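First up is the structure itself, then whatever we jot down about it.
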Amino acid sequence: MSRYTAAEIEAKWQEAWSKNETFKAVRDESKPKYYVLEMFPYPSGKLHMGHVRNYTMGDVIARYKIATGHNVLHPMGFDAFGMPAENAAMASGGHPKDWTYANIDTMVDQMKPLGLSLDWSRMFATCDTEYYGQQQALFLDFLNEGLVYRKNAVVNWDPVDMTVLANEQVEGGRGWRSGALVERRELTQWFFKISDHSDELLQALDALDNWPAKVRLMQENWIGKSRGLEFGFERVDGADPITVYTTRPDTLMGASFVGISPDHPISKEMEADNPELAAFLAECRKVGTTEEAIETAPKLGYDTGIRVKHPLNPDWELPVWIANFILMDYGTGAIFACPAHDQRDLDFCRKYDLPVTNTFFMLDDDTPVANEALVPTKSERVRWVDHFAGLDVATGEEAINATVDFAEKAGWGTGVTKFRLRDWGLSRQRYWGCPIPVVHCDTCGVVPEKKENLPIELPYDEDGKAIDFSVPGNPLDRHPTWRDCACPSCGAAAKRETDTMDTFVDSSWYFARFTAPRADTPTVAEDAAYWMNVDQYIGGIEHAILHLLYSRFFARAMHICGHLPESAKEPFDALFTQGMVTHAIYQTPNANGRPTYHYPEDVELRDGKGFLADGTEVEIIPSAKMSKSKNNVVDPVSIIDGFGADTARWFVLSDSPPERDVEWTASGAEAAFKHLSRVYRIATDVAGSDTGAQAADEELLREMHKAIRDVTMGVESFGFNASIAKLYGFTNTLAKSKAGSDAKRQAARTLAQLMSPMTPHLSEEIWQLLGGEGLVVNAPWPVADEAMLVEASVTMPIQINGKRRGEITVPKDMPKEEVEKLVLAHEAVTSRLEGAQPKKLIVVPGRIVNVVV
RNA sequence: GCCCAAGUGGCGGAAUGGUAGACGCAGGGGAUUCAAAAUCCCCCGACUUAACGGUCGUGCCGGUUCGAGUCCGGCCUUGGGUACCA
């Protein structure tokens, strides 16, 4: 009996697939196409278990689709621009490009042993000149279509390093390297006009039936369509009115003050000759640029001294305050506050001693608001206090509509629809990104580069010094010659734009590029028409909003410019979001009480407790995200070296539902290896035996057909863990079966086939061993025979008052009345009824019986 | 803060509103072996019972239902996102 030697088997079959070009995708109109895509990785230089899980899931789908007769496109690439490469250059010298390509080489070497069904001939990285050159061409087309523009926007400014910081580079309001307090600063930046498509991006979500509902909901809330009222507050001093936008105009009679953003034009105008206000605004500008920082910062206000008139009562004057929680980007940057029905407004008014007045009460409670705002759902009926539109008892929703109508008829306000979604700022003041292909000319202004001059390449180390990360800032800015160019319009000396593009741009169209990765246009019509859309997209839930929304916009923009067909405007037909791979953290407290983290290989597990070599017990924190600093990262390469790729693949699929996190455990991986060894052993036993037909043949084959049905259902519904549970069960059945060798051989071949999406190498080996024809990867997927699935009888539990008290086995199609008779005669029932009639008898055919006594 | 999820034995998890705990791990017992490894078989939520069985049990509180892990309302905890991490 030979042993399961994964390393030999895996190398052998990978070579076979490679020789046959099994996974090379070629257009073939005679077959239905299937495009499966996993979100491409950032080339950190180290393959992570999370990658293994993500790609294995895609591989299961891809191999299953090959087996069901599809022409499959399954590509892979790298999302290769971004900050880590610049950070590496800052930390240890070298060039981001060298660092990135070295990492890509390493990761490809780590991925290939997994035996994924990838068409490697289509691979590219977004930092390849061929890719980002085409991206620049797209940018110029977008610019030409009016989809790109420039405006001012705030960034995190580090006043010591004199550089722009990313949000993650701001720690506690300070720059991560300099430690200086970060300031908000305005810069002129490039924007994509995604907001023009807000409504369409929202409406189209409804048709994405094969996306997780949670992702559609998150995008819906992010786009944030709201209906409200826009109107002006007349200023007592006669200056231009202050225009506010509110989604709760019905609470206007409870208005306490008018609030404006620190970035509002009025704030800025007053700042110049008011040092006190300037100090206040400087304080506001110390808060970071993230929504989280703004929303959670302590609420600050400043009374401008400006007074405005209430639109319904010119004698009622309201103060105008600058408040740090009002965003200039949303609405008009000005609001009116109704503290009785908004907790944030209420907190603010209590802090600054501003009046609080209820505009409505609950039907059964007329206590005025104290320190908790009254905020019922908009569909709840409430009683209004002297409502100006004449309402008494009505819902918030009705009151809002009545108020908008009232204001429009009276002529002092307009009902408007607004979106929370802002335009997409794509400018980055960084080197390692796609250069924005425009030129600044003293006479012509901002001029797009000519397409024939593309790609605008990033400068490399021409003189060994040009690209220097030892000083902060953007190396493109201080490069001695790179900026110099001729104006594409007038030919005079001009300067290149030094901003590069947000890396989300790179990942917003790579899926389209995979359909024609070497073309000298962004896409090729025939290839895009054949391969698009992505039939199944798989990636992390962390991309639910930004990446997926930007990609949806980009596909629309590419369609407008003729780079994608109309049918590809919504590029991902189905989406699946998978969970993380986690691992326990092993820690002991050190002298200061801080934790010291221990590597898994240094910890011995006994009875659920962990011990170091010297006997010290370690604290085990289960299911933590793998992190280098916590020493709990499991390296896929060592697992593959130890057990083989099939074991790693089997394990990451087996233990948890794919959408949830899976905890990597050494014992789980070991168990997976033992199971695969067992399957191999069973297959070799079966191959070596020779008996005639046996009585148990039919039973085994029935179980085989059930396994085909259940495993197939699991694969089709992303229930890979359920498929694997069935495969365990069927393996046990086969191992214990008394069937003859022919039936067993058929069962074992089918087992190998059903396992082949998960463990393709082992399956090829067993398929060959048992005389399967050709490669199992090309064998048609088995189909369950309905006749073999029919059960003659069914066992139903008998419940009395909802509690299980017995069971009854009856023919599958026994009429309800007869089942009732049998149940009422059942000992468990008669003993509890004691001759009385049941109050109710519920028979769910084939399922359950409940007797109510 | 706001938006979106998740929470079931010692552990990962299973369960179209219909027998809670499939399958796997860990643990316990046994077979095989000179012994071990490997393999095979059995047991395995808590409490209670000699046993049959009974009671409780799916984060917490309440509701709908003949019947709730599943549906509804309100919390708690953890995770993801929060527009310059990718």
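Below, chain A is the first sequence line, B the second, and so on; all start at residue 1. This structure is a prediction, so every number in the text was calculated from the model and none was measured.
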_If I pick the C1' atom on B/C84 and the same atom on B/C75, what distance separates them, to the nearest angstrom?_
36 Å

*Give a yes or no on whether a donor-acceptor pair under 3.5 Å exists between the nucleobase atoms of B/G81, that is its base, and the side chain of A/E292.*
no

*Is RNA chain B part of any stem, that is, at least 3 consecutive Watson-Crick or G-U pairs with both distances under 3.5 Å, and where?*
B:1-7 with B:76-82, B:10-12 with B:23-25, B:27-31 with B:39-43, B:45-48 with B:53-56, B:59-63 with B:71-75

*Distance, C1' atom - from B/G63 to B/G17, rounded to whole angstrom*: 16 Å

*With the threshold set at 4.0 Å, does a side-chain nitrogen-carboxylate oxygen contact exist between A/K193 and A/D423?*
no

*Using the P atom as the reference point in each nucleotide, state the distance between B/A6 and B/A26 in Å, no decimals.*
30 Å

*Please state the P separation for the pair B/U78 and B/U8 - nearest whole angstrom.*
15 Å

*With heavy atoms under 4.0 Å as the rule, sort A/K839 into base, sugar-phosphate or nothing.*
nothing

_Taking B/G9 as the reference, what is the distance to B/A46 when you measure between their C1' atoms (whole Å, please)?_
9 Å

*Closest nucleotide among B/C84, B/A5, B/A6 to the A/R430 side chain*: B/C84

_So that I can tick it off, tell me whether A/E171 and A/R174 are bridged by a salt bridge, with the cut-off set at under 4.0 angstrom between side-chain N and carboxylate O._
no

*Within the pair A/K214 and B/C4, is there a side-chain N or O less than 4.0 Å away from OP1 or OP2?*
no

_Let's see if you can work this out: which of B/C23, B/C85, B/C84 has an atom nearest to the side-chain heavy atoms of A/D502?_
B/C84

*To the nearest angstrom, how far is A/W222 atom CH2 from B/U82 atom P?*
6 Å

_Counting the atoms with a prime plus P, OP1 and OP2 as sugar-phosphate, which does A/L421 contact under 4.0 Å by heavy atoms, base, sugar-phosphate, or nothing?_
base

*Under 4.0 Å between a side-chain N or O of A/N721 and OP1 or OP2 of B/A14?*
yes

_Rounded interatomic separation in angstrom, taking CD1 from A/I545 and C1' from B/A83_ = 9 Å

*Across the strands shown, which category fits A/F504 at heavy-atom distances under 4.0 angstrom: base, sugar-phosphate, nothing?*
base

*For B/A83 and B/U70, measure between their P atoms and round to the nearest Å.*
35 Å

*Sequence neighbours excluded, which residues qualify as side chain to side chain donor-acceptor pair (under 3.5 Å) partners of A/R430?*
none

*Is A/K706 paired with A/E791 through a side-chain N to carboxylate O contact shorter than 4.0 Å?*
yes

*Taking the same atom, P, in B/A68 and in B/C23, what whole-Å distance lies between them?*
26 Å

*Please measure how far the P atom in B/U33 lies from the corresponding atom in B/C47, and state the result in whole Å.*
38 Å

